[in-house]
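In what follows, every heavy atom counts, from backbone to side chain, and hydrogens, waters and symmetry copies are set aside. Throughout, protein chains are lettered first and strands after them, A, B, ... in sequence-line order, and every chain is numbered starting at 1.
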There are 2 protein chains.
Amino acid sequence: MVTISDIAKIAGVAKSTVSRYLNGGSISETTKKKIENVIAATGYSPNKFAQSLKAKRTNIIGTIVPRLDSFATSQTLIGIDDHLRELDCQMVISNSSQDLKREIENIYSLAKQKVAGIILLATEITTEHLEAFRTVQLPVMLVGQQHDQFHSVIHNDYDAAYELGKYILANGHRKIAYLGVTEKDVAVGIKRKEGFRKAVEEVPGSKVRYFETSFKIEHSIQKVPEILEEFNPTIIVCATDNIALGALKAAHMNRLRVPDDLSITGFGGYEITEITHPSITTAKFYYREAGNLAARNMVKLVNEEEINQITFSRYKILERESVDKLK
Amino acid sequence: MVTISDIAKIAGVAKSTVSRYLNGGSISETTKKKIENVIAATGYSPNKFAQSLKAKRTNIIGTIVPRLDSFATSQTLIGIDDHLRELDCQMVISNSSQDLKREIENIYSLAKQKVAGIILLATEITTEHLEAFRTVQLPVMLVGQQHDQFHSVIHNDYDAAYELGKYILANGHRKIAYLGVTEKDVAVGIKRKEGFRKAVEEVPGSKVRYFETSFKIEHSIQKVPEILEEFNPTIIVCATDNIALGALKAAHMNRLRVPDDLSITGFGGYEITEITHPSITTAKFYYREAGNLAARNMVKLVNEEEINQITFSRYKILERESVDKLK
DNA sequence: TTATAATTTGGAACCGGTTCCGAAAAAAGA
DNA sequence: TCTTTTTTCGGAACCGGTTCCAAATTATAA
């Protein structure tokens, strides 16, 4: 284990000179070359614990995820990893297992690890979140939700839903069920619904009914027969692709042909929606790109550079097989 | 930031006494109580960097994953997280992005972080892997592959494939295509095929042809029409659920009813195989349990306790809708 | 050439813990 | 009660770096 003392001795300089070399302090070209050569010859790399202990900072970015087994989370993490890896920053992932209490604990735990900043893949922001972030005093980057006290990278839920709504209406659908989620989740529960509502308000003669389910596929499978019985829409607009997968399964189970008897759309652009039969029309969010943007912005926040309060990642309406053209 | 010096001062003892208390050294009941109370009152927790710097060890377990966006990986990670979290051990995840070179780098990088051990979710073990592990001299736990130089938790690929083969044969299938993957992956590419082969050898009159594709769904979608044209089997046994999803999509695209015209099975028990229409028969592996077992064994290895060279996680044949009963 | 300003360097203290070992205290044995 | 053994305790060195600041060296200006 080569230490800074070894490097200093071999190069014939003081430890503090090597440290200055490593950290951008003043150093002559001659001395710089000497140190460079010794480091290259020995393969030295600094002990991160010693650095962090004295300097009281790290190059660790903490990422808190609500769950490890979701498409959106995985892609976002890959995007974050892509960027942090280039910078020799370490990403530490803290899994909250969809437990808000645990998410708060994770915030404090990451602070204890002296992370340089926290990227939070958020579902909702409670007062406890606010308090924790106030206490730990770290740069915070939200992904997928916005809050006026933090910087965020968000998917354009509103515009995507508006555009998807226009597409659906342009295909002649006027009797529409919207299957949403809890409004505690502002992005998925409120913004997507509002964008969709804006689109239908622009077309007279549309009948829309709003329903609610959870994020779980099984609940969507159970909810759809109720909707069919109560309202009998030509299409179900689902707030997530998982809900859409559940709706597709329910349609098959009820002997409905998709899209002939019932059309279905989702949000997210999960890989599996292209594989199903029929493939599902959806508003695709570029989660990996969002993760990458979040990491870039995080690094800027850490370096105390100015960034936008809100950064949008892209979306794209993927027109596939699951929407019938009625007219 | 409360330090051990603060605790010592308040409790009226030396720093080294507090340290002995924290680390199981000799300490009287009276002194122990004093320190306990001060720690409880102050919420002190030790600085991990200082501990690691001096003690030259950590409670970090490094987990190397081939990719972040796979069902098996996610579930395994959750299982590892479940256990390590209980122990106040930190899990650090290193993503290899399916790049063997990067996987080797990750091994060295984790060693530099003084991880207590490495859990490797492996696809193959090359000589470079062997060399890296020899160099870093850390406890290693493989998941999903076995190798005679390391401890491992594996899915019972052979027995699961044997049992699935028996089930398929019991349903009357005699003209069978097996769609496998590269034999570089011993578990998925060799063991599953061998177990299946054992089953069909026990039933005279079976015609089996073995084909190969990659792990990607798109490749499976392209491969299936070739198989149908060349061999026209009653069933395709796919080496993973993703390959089975591709086969299902290809069947639909070719106007084949599943299971009437073509039956399909997979391996893994991915959540989505229950949602498809028809739901896919598969050999389910308990990835989360495997992750949990791996973490438990890892901790034992770190504590220099004896463990079995190989630990099997469970499997279960999920008989669903995608296999036709021919007789 | 001399004086002044700027740059470079190294020694020492320090970060928050762990570890060692001699001294002191407590417990056990004769 | 005295001697021996065991347990407890604290002081000091140390882990591998960073930081500060005075001294030394180099560069610039008069």
Side-chain angles (χ1 to χ4, degrees), chain A residues 1-39 42-60 88-90 109 111-116 302-303, chain B residues 1-39 42-60 88-90 109 111-116 302-303:
Chain A
M1 178 68 202
V2 184
T3 69
I4 203 168
S5 294
D6 302 322
I7 301 299
K9 206 168 299 179
I10 299 174
V13 299
K15 286 198 295 179
S16 55
T17 301
V18 180
S19 188
R20 278 201 316 282
Y21 165 81
L22 290 172
N23 294 293
S26 69
I27 187 151
S28 70
E29 280 301 317
T30 310
T31 307
K32 187 184 283 187
K33 285 288 187 297
K34 273 197 292 190
I35 296 174
E36 262 174 7
N37 291 336
V38 175
I39 288 177
T42 56
Y44 164 76
S45 69
N47 182 306
K48 294 295 184 189
F49 302 122
Q51 286 185 324
S52 305
L53 175 61
K54 176 61 188 174
K56 293 183 189 292
R57 59 179 156 74
T58 69
N59 65 349
I60 302 168
D88 195 37
C89 284
Q90 186 184 344
S109 175
K112 234 181 277 186
Q113 287 179 68
K114 301 279 188 311
V115 295
V302 170
N303 294 333
Chain B
M1 180 68 200
V2 185
T3 70
I4 201 168
S5 294
D6 302 323
I7 301 298
K9 207 167 299 179
I10 299 173
V13 299
K15 286 199 298 180
S16 56
T17 301
V18 180
S19 188
R20 276 200 319 280
Y21 165 80
L22 291 171
N23 296 293
S26 70
I27 186 148
S28 70
E29 280 301 318
T30 309
T31 307
K32 188 186 279 186
K33 285 284 187 303
K34 272 198 293 189
I35 296 174
E36 263 173 9
N37 290 336
V38 176
I39 288 176
T42 56
Y44 164 75
S45 68
N47 181 308
K48 295 295 186 189
F49 303 120
Q51 285 185 326
S52 305
L53 175 61
K54 178 62 188 174
K56 291 182 192 293
R57 60 183 154 70
T58 69
N59 64 349
I60 301 168
D88 194 36
C89 283
Q90 186 184 345
S109 176
K112 234 180 275 185
Q113 286 178 68
K114 302 279 190 303
V115 295
V302 170
N303 294 334

Check: For C:dG10, does OP1 or OP2 lie under 4.0 Å from any side-chain N or O of A:Ser16?
Finding: no

Item checked: Nucleotide D:dT26, atom P - distance to CD of A:Glu29 in whole Å -> 15 Å

Margin query: Once you apply a heavy-atom cut-off of 4.0 Å, does B:Leu53 come out as touching a base, just sugar-phosphate, or nothing?
Written below: base

Note to self: Considering every strand and a 4.0 Å limit on heavy-atom distances, what is the contact class for A:Ser28: base, sugar-phosphate, or nothing?
What the structure shows: sugar-phosphate

Next item on the list: Describe the nucleic acid contact of B:Thr31 in one word from base, sugar-phosphate, nothing, applying a heavy-atom distance below 4.0 Å.
Entry: sugar-phosphate

Margin query: Quiz question: going by heavy-atom distance under 3.5 Å, is there a donor-acceptor pair between the base of D:dG16 and the side chain of A:Ser5?
Written below: no

Check: Does any N or O donor sit under 3.5 Å from an N or O acceptor when you compare the side chain of A:Thr3 with the base of D:dG17?
Finding: no

Next item on the list: Mind calculating the distance between NZ (A:Lys34) and C1' (C:dT9) to the nearest angstrom?
Entry: 11 Å

Item checked: Spacing of A:Phe49 atom CZ relative to C:dG16 atom C1', expressed in whole Å -> 14 Å

Note to self: On DNA chain C, compare the nucleotides closest to B:Arg20 and A:Ser26; which residue's is nearer the 5' end?
What the structure shows: A:Ser26

Checklist line | Atom pair distance, as rounded to whole Å: NZ in B:Lys56 and C1' in C:dT19 | finding: 12 Å

Next item on the list: Just call it for A:Tyr44: base, sugar-phosphate, or nothing, with non-hydrogen atoms closer than 4.0 Å on any strand.
Entry: sugar-phosphate

Check: Just how far, in rounded Å, is C1' of C:dG11 from NZ of A:Lys15?
Finding: 10 Å

Notebook entry, point to check: Could you state the CG-C1' distance from A:Asn47 to C:dG17, rounded to the nearest angstrom?
Noted result: 13 Å

Item checked: Touch class at under 4.0 angstrom, heavy-atom based, for B:Val13 against every strand present -> sugar-phosphate

